[in-house]
Amino acid sequence: TSNWKIIESTLREGEQFANAFFDTETKMKIAQALSDFGVEYIELTSPAASEQSFDDCKRICNMGLKSKILTHIRCHMDDARKAVETGVDGVDIVIGTSSFLRKYSHGKDITYIIKSAVEVIEFVKSKGIEVRFSSEDSFRSDLVDLLSIYRAVDKVGVNRVGIADTVGCANPRQVYDLVRTLRGVVSCDIECHFHDDSGCAVANAYCALEAGATHIDTSVLGIGERNGITTLGGLIARMMVVDPVYTKGKYNLPMLREVENLVADAVQISVPFNNPITGFCAFTHKAGIHAKAILANPSTYEILKPEDFGMSRYIDIGSRLTGWNAVKSRVEQLELDMSDDQVKDVTAKIKELADVRTQSMDDVDTVLRVYHRGISSGKL
Ligand code: HCA
Ligand code: CU
C-alpha cells in the first residue's frame, strides 16, 4: 500500500449530496483548500450538467492549483468534447455495466459499451490528457463482462480503470478479490470508489489498496448520493495507522479540520461526533484506568497522535469513572499543593458529585480549588 493517491470528489460526488449547492466562490474555496491539503486530484461535476458547471470547471482549471483537475462524464462523445474544452488535466468516464443499469438505465449491451468506451478514450487521449474508464455498479456486474471491458480499454491505453461500488453492497473480502483479479488483467492504474450504505467504505478502500489499487475516491465528510462515500478523514486516519511516514509526508494533516469545517458549513451539516480525528471526542479519555495509562504513555490508548493533526488530547475528569491519577495531573497543572492521600480524598468528592450529575472541567476545578483552600487554611 505505498504510492496511493487520492481522487477527491467533494466537488463531483459531493455535489450529489442532498444538501449540496455550491456556488462558484464556494467551489473555488473548497478546491483551493483541497489542493493546499495536498490531494493529488480534484474531480469536478460534468461540464455537460449545466452551463454554470461548465464555467466553474474552466474557472477552477485556471486557478493554478497543485492538484490535478479532473471532470467526470458519461461515456458520450458530446460530453467528452465539452470536457476537453474546459482545460482539465484528465477526464473520468463512467458507464453502467450491471444488468440493472443495462436494463433500467442506458439499455446497451457489452459490445456497444466497449465500442463507445474505446471511441471516447481515444478522443480524450488524442488531446494529450489523462483518461480513466470506470464501470458503475461493478460489484453487481458479470465478472466476465467486466474483465473483457477492462481488458479492451487497457489495450487502447487508458490511464486508469475504475471500480465503483455504486450501491454500497461490497464487503472488504469481495473488494480484495475483485481488485486482485483485475490487477492480473490490466497493466494500467486502478481506481476505486465506494459508497457507504452498509458502513464499509473506508475498510473497502483500504482492502482495495492492499490488493493493488492505486487511487481512492473520497469526499470531505463522505458527502455524496444517499449517505455518501469513503470519507477523506477516515481514509487518512486508516492510512496513518498503516503508513504514518508516507501519509504525513504527503498531506498537510493539520489542515484537515479546516477543509472539513469549510465543507460542513457549505452544506449546513456539523462534523459528526464520532468522526475520525476531528469528531469532538476523538481524543478524549474518560475512564480512570485509561486516563492513568494515557498520562504515562499516550500510545497505550491512542493509535493516532492528536498532535499530528494539530489537535489536542483531553482527559475528562468530571465523571464518576474518573481516577485519582487523572485528578492528580489536573492538580499539578493548576499548581495546587496536595499529597496523594489528599488527591484521593478530593477524587472521592468529585465522584460523589458526578454520581448526581457529570461535572464540567470548570466544576471540577472549583472543587479542587475549594478543597485546596480548605487544606491550606487548616494548615495555618
Ligand atoms: C453515480 C456514479 C458514481 C461513479 C463512480 C465512478 C458511482 O453517481 O452513480 O465514476 O467511479 O457511484 O457509480 O459515483
Ligand atoms: Cu458514487
Side-chain angles (χ1 to χ4, degrees), residues 4-18 20 40-50 53 68-76 79-80 83 88 90-106 113 116-117 120-121 124 130-141 146 149-150 153 158-170 174-175 178-179 182 186 188-202 204-205 208-209 213-232 234-235:
W4 50 279
K5 296 186 170 69
I6 294 174
I7 298 193
E8 225 302 325
S9 191
T10 299
L11 294 175
R12 195 283 294 174
E13 176 76 46
E15 211 179 5
Q16 297 174 226
F17 171 52
E40 290 81 359
Y41 292 89
I42 294 172
E43 187 180 68
L44 305 177
T45 293
S46 171
S50 73
S53 304
K68 288 190 183 174
I69 307 300
L70 305 170
T71 190
H72 185 264
I73 61 165
R74 294 168 297 186
C75 190
H76 280 175
D79 290 15
V88 287
V91 179
D92 288 346
I93 303 168
V94 70
I95 190 163
T97 47
S98 69
S99 55
F100 286 97
L101 289 162
R102 283 164 47 208
K103 191 154 167 209
Y104 300 109
S105 179
H106 56 69
I113 291 174
S116 54
V120 177
I121 290 164
V124 176
E130 277 183 37
V131 57
R132 180 220 67 175
F133 174 87
S134 175
S135 67
E136 206 182 332
D137 206 1
S138 316
F139 290 87
R140 295 190 301 171
S141 300
L146 212 52
I149 299 171
Y150 287 136
V153 295
V158 79
N159 297 89
R160 290 189 302 286
V161 288
I163 291 179
D165 182 17
T166 307
V167 297
C169 62
Q174 289 173 309
V175 169
L178 182 56
V179 175
L182 183 57
V186 295
C188 62
D189 284 343
I190 299 175
E191 171 180 340
C192 290
H193 178 98
F194 299 108
H195 278 263
D196 205 30
D197 301 73
S198 59
C200 289
V202 172
N204 283 345
L209 291 175
T214 50
H215 294 65
I216 299 294
D217 291 7
T218 66
S219 73
V220 178
L221 299 170
I223 62 168
E225 282 289 342
R226 305 184 309 283
N227 80 331
I229 63 167
T230 305
T231 65
L232 176 63
L235 181 67

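Note that ligands are numbered from 1 as they come in the structure, with each ligand's atoms numbered from 1 the same way. Heavy atoms only: backbone and side chains are in, while hydrogens, waters and symmetry mates are out.
- Asp92 has a carboxylate O that lies under 4.0 Å from a charged side-chain N of Arg160, or vice versa, which qualifies the two as a salt bridge.
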Any protein N or O within less than 3.5 Å of an N or O in ligand 1? List each pair with its distance, or say none.
from: ligand 1; atom 1: 8 (O); to: Gln16; atom 2: NE2; distance (Å): 3.0
from: ligand 1; atom 1: 9 (O); to: Glu136; atom 2: OE2; distance (Å): 3.2
from: ligand 1; atom 1: 10 (O); to: His72; atom 2: NE2; distance (Å): 2.6
from: ligand 1; atom 1: 10 (O); to: Arg132; atom 2: NH1; distance (Å): 3.3
from: ligand 1; atom 1: 10 (O); to: Arg132; atom 2: NH2; distance (Å): 2.8
from: ligand 1; atom 1: 11 (O); to: Arg132; atom 2: NH1; distance (Å): 3.1
from: ligand 1; atom 1: 11 (O); to: Ser134; atom 2: OG; distance (Å): 2.9
from: ligand 1; atom 1: 12 (O); to: His193; atom 2: NE2; distance (Å): 3.1
from: ligand 1; atom 1: 12 (O); to: His195; atom 2: NE2; distance (Å): 3.0
from: ligand 1; atom 1: 13 (O); to: Thr166; atom 2: OG1; distance (Å): 2.6
from: ligand 1; atom 1: 14 (O); to: Arg12; atom 2: NH1; distance (Å): 3.1
from: ligand 1; atom 1: 14 (O); to: Arg12; atom 2: NH2; distance (Å): 3.1
from: ligand 1; atom 1: 14 (O); to: Glu13; atom 2: OE1; distance (Å): 2.8
from: ligand 1; atom 1: 14 (O); to: His193; atom 2: NE2; distance (Å): 3.1

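- Residues Val167 and Phe139 are not in side-chain contact: their nearest non-hydrogen atoms beyond the backbone lie 4.5 Å or more apart.
- Side-chain N/O atoms of Thr45 and Glu15 include a donor and acceptor closer than 3.5 Å.
- Looking only at its N/O/S atoms, Glu13 has OE1 as the one nearest to the Cu ion (ligand 2).
- Salt bridge status for Glu40 with Lys5: absent, with no side-chain N to carboxylate O gap under 4.0 Å.
- Looking only at side-chain heavy atoms (C-beta outward), Pro47 and Ser53 stay at 4.5 Å or farther from each other.
- Side-chain contact between Phe133 and Val120 is absent, with no heavy-atom pair separated by less than 4.5 Å.
- The angle subtended at the Cu ion (ligand 2) by NE2 of His193 and NE2 of His195 is 100°, given to the nearest 10°.
- The nearest N, O or S atom of Asp217 is not closer to the Cu ion (ligand 2) than 2.8 Å.
- A pairwise comparison of heavy atoms in Val158 and Ile121 identifies CG2-CD1, 3.9 Å as the closest pair.
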